[in-house]
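Below: the structure, in structure tokens.
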Amino acid sequence: MAGNRPWLAPLLSLVFLAVFVGLWHLATRTTAGEVQVDPEYAALVGAAAATGGKSAMPGPGDVAAKLWEHITDPFYDRGTNDKGIGIQLGHSIARVLLGFGLAALVAIPLGFVIGMSPLVYRALDPFIQILKPISPLAWMPLALYTIKDSNVSAVFVIFICSLWPMLINTAFGVASVRRDWLNVARTLEVSRLRTAFQVILPAAAPTIMTGMRISVGIAWLVIVAAEMLVGGTGIGYFVWNEWNNLSIANIISAILFIGLVGMLLDTTLARLGRAVTYKE
Amino acid sequence: MTQHFLQVEALARRFPGPRGGEPLTVFENIHFAIDKGEFACIIGHSGCGKTTILNVLAGLDEASGGAVIMDGREICGPSLDRGVVFQGHALLPWLSTLKNVEFGVRSRWPGWSAKQVEAHSVRYLEMVGLGQALHKKPAELSGGMKQRVGIARAFAIQPKMLLLDEPFGALDALTRGTIQDELLAIVQATHQTVFMITHDVDEAILLADKILLMSNGPFAKIAEIVEVTMPRDRTRATIHHDPQYYRIRNHLVDFLVNRSQDYAGDAAAGHDPRQPPVVRPGLDGGATVVPLQVHAGHSVPHATESTFSHASA
Ligand SMILES: Nc1ncnc2c1ncn2[C@@H]1O[C@H](COP(=O)(O)OP(=O)(O)OP(=O)(O)O)[C@@H](O)[C@H]1O
Ligand SMILES: [Mg+2]
């Protein structure tokens with residue numbers, strides 16, 4: 001049905017978008033209209049709503065203009081509190097990739113060991129179970145105190161939150177490699193190292209990639225909050241700064257960009273995951 | 001006593017009971033031998049311990065007692081001397097057909113160049129008729145083709161002995177027949193020593209020189225050793241023209257249906273598991289049944305001149 005009309009779904013998406021933007025437009029215009037029609041009501045809800053109603057909640061046109069501004073000039077730098085959104089996103093992405101990369105370097109080998117050895121698994125399990133549910137932001141004060149550098153602390157927070165999904169998925173993937181495949185390697189007298197790289201790793205790769213995808217998703221969620229706390233640079237700091245400036249159009253633009261970058265990270269990892277997936 | 005190529009002596013396997021209960025003895029006192037170039041099949045009911053025996057022979061599992069001696073040396077741990085064809089083919093799904101075979105070949109001859117490894121692997125894949133499917137992934141192959149890759153992989157390392165665990169169990173009758181013929185031709189050409197598990201009586205008669213009959217577990221035993229006395233150059237198309245065929249077949253079916261449970265516990269007082277009787281039901285007037293002392297009346301023993309002898313006569 002939808003198969004022979006591939007344009008149907010995108011068309012419907014456009015319709016949804018148009019409806020949403022239309023409603024948004026109407027909603028923001030009515031607030032402004034009501035101020036003129038009913039000054040008594042304006043007095044009732046307060047001066048802020050009456051005068052700020054228009055500027056506090058921008059319509060789609062205002063946001064589009066702001067977006068265009070960001071897109072055409074993303075990399076300007078006019079001091080600490082006024083950098084282009086491209087620069088801010090770049091800082092956030094760099095932190096996420098660094099923290100995520102370090103976590104992968106720790107989690108995948110460690111997960112391998114845990115998955116291969118039931119003893120190590122049982123020994124480390126209580127630690128993992130306790131550490132895993134801790135909100136990564138709870139580490140922030142400790143990180144700031146010990147590391148004394150807000151930038152490194154943010155990376156550390158990303159490291160911590162990326163660690164667990166990769167660790168657990170790697171261990172699970174390695175531990176559930178089919179017995180038959182390991183027996184094949186054993187009967188062929190394949191060395192342990194070769195077995196690890198040529199049997200266990202490819203067998204567990206899809207599960208490991210799923211863990212990495214979850215990790216990068218969480219890391220991108222956490223970076224915004226972390227940057228709101230540590231300040232300085234990054235998209236999270238940008239959002240917080242624009243909140244202080246009461247520039248809602250900027251905030252909405254930033255939210256859109258955060259979503260776009262998150263989607264990009266996710267699809268990249270999904271594509272990598274598909275590359276290592278095998279059909280049984 | 002002559003030295004056999006493979007000698008299984010007093011083999012036993014016990015699994016720890018649930019929550020420290022009585023251990024489960026799958027089998028004990030298993031004695032048999034296989035000579036070089038011989039094709040031995042083992043048949044028995046599901047769960048009697050056939051796979052467990054094969055795993056011990058492969059070195060994948062450790063026996064709880066007894067020993068397996070191959071070529072004068074005791075088996076401990078897996079080795080390239082024994083090629084295994086697994087029941088579920090066990091191909092590595094992320095590797096192509098060719099790479100699956102090369103995986104073993106490279107391990108067998110680590111000094112070989114990539115070219116040599118490939119040429120050797122291709123040769124064995126062509127032998128099982130898969131020359132056209134070298135670069136297909138296992139998921140793109142039919143069940144029969146997958147099983148043939150498994151066979152090529154096991155043959156390609158040129159093991160001293162081949163172990164097959166119900167290699168054709170999952171195949172339809174037609175495919176099964178074709179691959180049986182292929183296996184038969186390869187084995188006849190290479191004089192490979194084979195130990196194979198099967199549920200299929202006809203398959204056993206077609207392929208085997210001797211068939212080990214395993215009684216039901218727990219405490220399973222080798223009840224009898226049936227010698228297939230038909231000439232070696234049998235084919236699937238002509239085998240049932242031989243009058244021996246039906247005599248052997250009846251004997252095997254009779255065992256599976258009527259007698260396989262008679263060997264439990266003390267019932268088989270007259271049965272010496274160290275020397276399971278060797279019978280040749282194919283020969284004229286051959287012993288159809290080796291009567292057990294206690295359960296003799298169970299199936300009608302109409303053996304007039306018994307031709308059974310003993311394993312290590
Ligand atoms: N790891 C194990 N722990 C406990 N019991 C086991 C284990 N493996 C096998 N068994 C038991 O050993 C017995 C023999 O199993 P095995 O797999 O050797 O049977 P089989 O003869 O190959 O059967 P089938 O023809 O169905 O493949 C079964 O009763 C099974 O429950
Ligand atoms: Mg089995």
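Side chains included, hydrogens not; waters and symmetry mates left out as well; all remaining heavy atoms used. Below, chain A is the first sequence line, B the second, and so on; all start at residue 1. Quantities reported herein were computed from a predicted structural model and do not represent experimental measurements.
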Heavy-atom pairs under 4.5 Å with chain A, option from K137(B), R153(B), R108(B), H89(B) with the top count: R153(B)
Residue pair V184(A) / F86(B): nearest heavy atoms and the distance that separates them: CG2-CE1, 3.5 Å
Chain B neighbours within residues 94-122 of chain A, where any heavy atom lies under 4.5 Å away: none
So what's closer than 4.5 Å to chain B heavy atoms on A205(A): side chain, backbone, both or neither? neither
Among S79(B), A58(B), G104(B), which has the most heavy-atom pairs under 4.5 Å with chain A? S79(B)
Is it the backbone or the side chain of L91(B) that comes under 4.5 Å from a heavy atom of chain A, or both, or neither? backbone
Just wondering, are more than 12 heavy atoms of other shown residues or ligands nearer than 6.0 Å to CG in L174(B)? no
Please output the residues of residues 185-195 of chain A in contact with chain B, using a heavy-atom cutoff of under 4.5 Å, in numerical order. A185(A), R186(A), T187(A), L188(A), E189(A), V190(A), R194(A)
Please check if the number of heavy atoms outside E62(B) that lie under 6.0 Å from its CD is greater than 12. no
Show which side-chain atoms of residues 127-135 of chain A pair as donor or acceptor with protein atoms under 3.5 Å away, not counting sequence neighbours.
from, atom 1, to, atom 2, distance (Å)
Q129(A), NE2, D125(A), OD1, 3.1
S135(A), OG, L137(A), N, 3.3

Among residues 257-280 of chain A, those lying within the under-4.5 Å heavy-atom range of chain B are Y278(A), K279(A), E280(A)
Is the count of non-hydrogen atoms from other residues, nucleotides or ligands lying under 6.0 Å from F172(A) atom CZ greater than 12? no
Taking everything shown except F15(B) itself, do over 12 heavy atoms lie less than 6.0 Å from its CZ? yes
Chain A contact via I157(B) - side chain, backbone, both or neither, heavy atoms under 4.5 Å: side chain
